[in-house]
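Residue numbers begin at 1 in each chain, while the letters A, B, ... track the order of the sequences.
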Amino acid sequence: MAREQMTGSEIVLKALTEQGVTEIFGYPGGAVLPIYDAIFQQNRIRHILVRQEGGAVHAAEGYARSTGKVGVVLVTSGPGATNAVTGLTDALMDSIPVICLTGQVPTHLIGNDAFQEADTTGITRPCTKHNYLVKDTEDLARVVHEAFHVATSGRPGPVVIDLPKDVLMALGSYTAKSKVKVKSYAPQVKGDLGAVKRAVEAIAKAKKPLIYAGGGVINSGPAASQLLTQFVKMTGAPCTLTLMGLGAFPASDKQYMGMVGMHGTYESNMAMHDCDAMVCIGARFDDRVTGLLSKFAPNSTKIHVDIDPSSINKNVPVDIPIIGDIAHVLEDMIKIWRSTQAKVDAKALKSWWTEIDAWRSIECLKYTQDKKTIKPQYAIERLYELSKKSKKDTFITTEVGQHQMWAAQYFHFEKPNRWMTSGGLGTMGYGLPAAMGVQVAHPDALVVDIAGEASYLMNMQELSTIAQYRLPVKSFILNNFYMGMVRQWQELLHGGRYAESYMSSLPDFVKLAETFGMVGLRATKPSEVDDVINEMINTDQAVIVDVHVDQKENVFPMIPSGAAHNEMLLGPDDKTEKPVSEEGMVLV
Amino acid sequence: MNAEIQVENSHTIAVLVDNEPGVLARVIGLFSGRGYNIESLTVAETDNVNNMSRITIVTTGTPMIIEQIKAQLGRLVPVHNVTDLTTEGASVERELALVKVVGEGEKRVESLRIADIFRARVVDSTNSSFVFEIVGDTGKLDAFIRLMEPLGLTDVSRTGVAAISRGVTALDAAY
C-alpha cells in the first residue's frame, strides 16, 4: 500500500517536529529555498534569521548548552556551509549536540563545480561527529532521526545533513522515529561495576583525594550534577572544576576550590599536583588543565570516568578507567560507597584540608581596586554580586580571551547549564551569538555576554538579529583596546613587543547600541560600575555596556606553558624569577 | 614514563564497517588528522547481504597510541567492530603481489628459479619479461622483491595485508 507522499522539505520539517524541535537558527539561500518555503507554510517551528551562518551555529550551541536539547541550524550550500565550519568544530571540541542542515546543489550537479557548490561532507568530515549526504528522498526521515540519535547519544557532538535541492523537492514517504533502528552506534552508558568498586576503594583509602569534574557532567544532565554534589559530600574530598564544568558543582560549597588549570586557582592546582587519588569525572585531561604532562599529579592513583573510550589514556595514563555515562556511573559509585560502608581516613583528610586551607590563604584571586581605573576583575565581581542580588536566573556567555578567564574566575555558578563558553576551540566571536541562542530558549532570563572588545567585533553583525527578535541580550564589554590575552603572551614570551594586538578605530559602543535601537551604557571610573550594571539588569531590552578597564591588567594566577601545577605565577612580579622554558615557548 | 610504554610495535587491526560512501575517507582522515601511521590498508566488501566491508590496517605505535587508534575507530558511526588481531590471539596474515621482471639470458632464468623457490606463479610472460604472482606474509614478499631487484625488477603491485584470526572466533558484526 502506498504511503502518504510529501516533499523532501516537508519530511525534514516533520522529522524535526517529531524530534521536539521548536526553534532553528538559519540563513536562506538558493539550495535550501524549498525548506524555507515549507517553513513559511507551517507554524510549529520558529526560524531565527541570523546575519551570518557562523552566528547560527554558535546560537544553536548556546541554545543547546543552556537547555540540554539539540540546537538546530539551517544554512545553504557552498558559503553557507563553509561559514558554519568554525561553529561545527567548536561544537565538536566542546561536545555540544548540534544538527546542521546544509543545502546542496541537485544530485546531478554534484561534482560539477556548480554555483555555490562545496564538498560539504568532505569539508565537515573531520569537524563533525558524523555527517550524511542524502541522495534519496525516501532516506530523509531515517537520516534525520538517526542524526539526532548520533548527536545526543554517547559523547554529544555536531552532525551535518547535506540536502541536495532535488531531494528536497521530490516526493517521498515519511518514516516515524519509532520505526528507525540505528544499526551501528550504541555507546556504553553503564560503567563496569568491578571498576566502580575498585574506584570507590581507592577513594576511601586515599589520604589526599581530589575530585576533578568537567563538561561531561553537564552533558549528562542536571541529575549528574546533583549526584556529583552528593558524591563529593560523601567523600569529604575537595572538588575542582574545569572551564567547561563550571556550574556542575555549586561554587559556594565549602568543598569547592575553584577552577583548575592554566588560570585556575592556586589551591586547585596545588591540590591537583599533590593529591594521591584523583577522580576525573567527565573531563579529558586537556593541556590547559594538565600543564606539563611529565609532572602532572605524579603521586596519584587516577580514576577516569568518561563516556568516550577515546578520552581514556589519551593524554594521561589512568589506573582505573570507567567508561559510561556520568549520571549512571555516579549513581553506582554512591550505591557501592553506601553498600560497602566505605569509610574515609578522617585524620588524613583533616590534614589534607589543612594543607588546602593554607593554599587558599594565599588568596590567589586578590586584586587591588583603586579609585581611578576599573579593574576588569572588579567589573565582573560587581556583575556577579548585582545579578545575584537581582534574583534573576542568570546565564553567562563569553567570548575568548582575558575577559573569559576573569569571568570564569570571578563569576560563580551554583547550577549547571548557566555558563556557555568556547573552551576547546577558543573561538573569538562565540559569546554574542551564543547569548542570542540562550535568550531564545530562555526569554525571561538575564543573559549576559561577558565580552572583550576584540572578540565582540568578530560577530557583532548578530546585533541586528538581536534587534529583530527583540531579545534582551546584555553585552558586557571589558574594553581595554587590546587583544588582551595576545598582549599578555607577548609580554610573557616575546619581550613585550605587542605586534598587532592593539586596535584603534573601535566603534563607539554606546552609539553602536543606539544604531540598533538598543541601550548603550559606559563606565570609565570604578564609581560608575554599579550604576551601569544595575541599569543594565533592570533594562528589559538589549543593552551594550562599554566598561573601560585597566589596559595593562593580566590574568593571574597562571601556569605558564611548559610548567607544572606547582609552578604557578601568582602575579606580574612572579614572572622574572621563573622564565618560560624553551619547551614551553613552542606550546600554545 | 617507563621505556616499555614507549616501544612502538606493528599491529594489524581489522575493522568491520558499513559499506557506504565516505567510510574509507573517515578512516583515512582519522589516521592523517591525528598523525597515526598507516603501513598497509586493504578494503573490500565482505558481506553483500548486510552491506558490510572489512578494512585491514597495519599500523605502528606505542601501546597508548594503538589503544587510541582502536578507540577512535570504534567511535566512528559506521564502524561495527574493531579487533586488534596482533594482541587478540593468533592470526594469519597474507598479502599478494604482482611483480614484473624485465631481462634476458641468465638473469631471466635466475628470476624464474627464485620464483620457483618462493612458489610464485608466472601469470604473464613475453620473450623479455615475466609477471610473477606471489602470496605470503609481508616478510616473504619483501624478500622475494629484494631478490628480484638485481634481476630486472621494474614494477610491483601489492594488495596490502589481509588478516584473519586462527580458530573458531570471528569478528562480530552485532555491535
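- Around atom NZ of A/K135, no more than 12 heavy atoms belonging to other residues, nucleotides or ligands sit under 6.0 Å away.
- The side-chain heavy atoms of B/P78 and A/H130, taken from C-beta on, include a pair separated by under 4.5 Å.
- Counting heavy-atom neighbours within 6.0 Å of A/I110 CD1, excluding the residue itself, gives a total above 12.
- In terms of heavy-atom pairs under 4.5 angstrom with chain B, the leader among A/L133, A/D308, A/V150 is A/D308.
- Using a 4.5 Å cut-off between heavy atoms, A/N131 contacts chain B through both its backbone and its side chain.
- The main-chain N or O of A/N313 is never found under 3.5 Å from a side-chain atom of B/Q68 such that the two would form a donor-acceptor pair.
- The OH atom of A/Y132 lies 8.0 Å from the CD atom of B/E20; values are rounded to the nearest 0.5 Å.
- The 12-atom threshold is exceeded at CG of A/N112, counting heavy atoms of other residues, nucleotides or ligands nearer than 6.0 Å.
- Between A/V316 and B/M64 the shortest side-chain heavy-atom distance does not fall below 4.5 Å.
- From B/L76, atom CG reaches atom NZ of A/K129 across 11.0 Å, with rounding to the nearest 0.5 Å.
- With a threshold of 4.5 angstrom between heavy atoms, B/E67 approaches chain A through side-chain atoms but not through N, CA, C or O.
- In this structure, NZ in A/K314 is found 11.5 Å from CD1 in B/I65, a value given to the nearest 0.5 Å.
- No side-chain heavy atom of A/P309 sits less than 4.5 Å from a side-chain heavy atom of B/R75.
- The two residues A/S310 and B/A71 make their nearest non-hydrogen contact at CA-CB, 3.4 Å.
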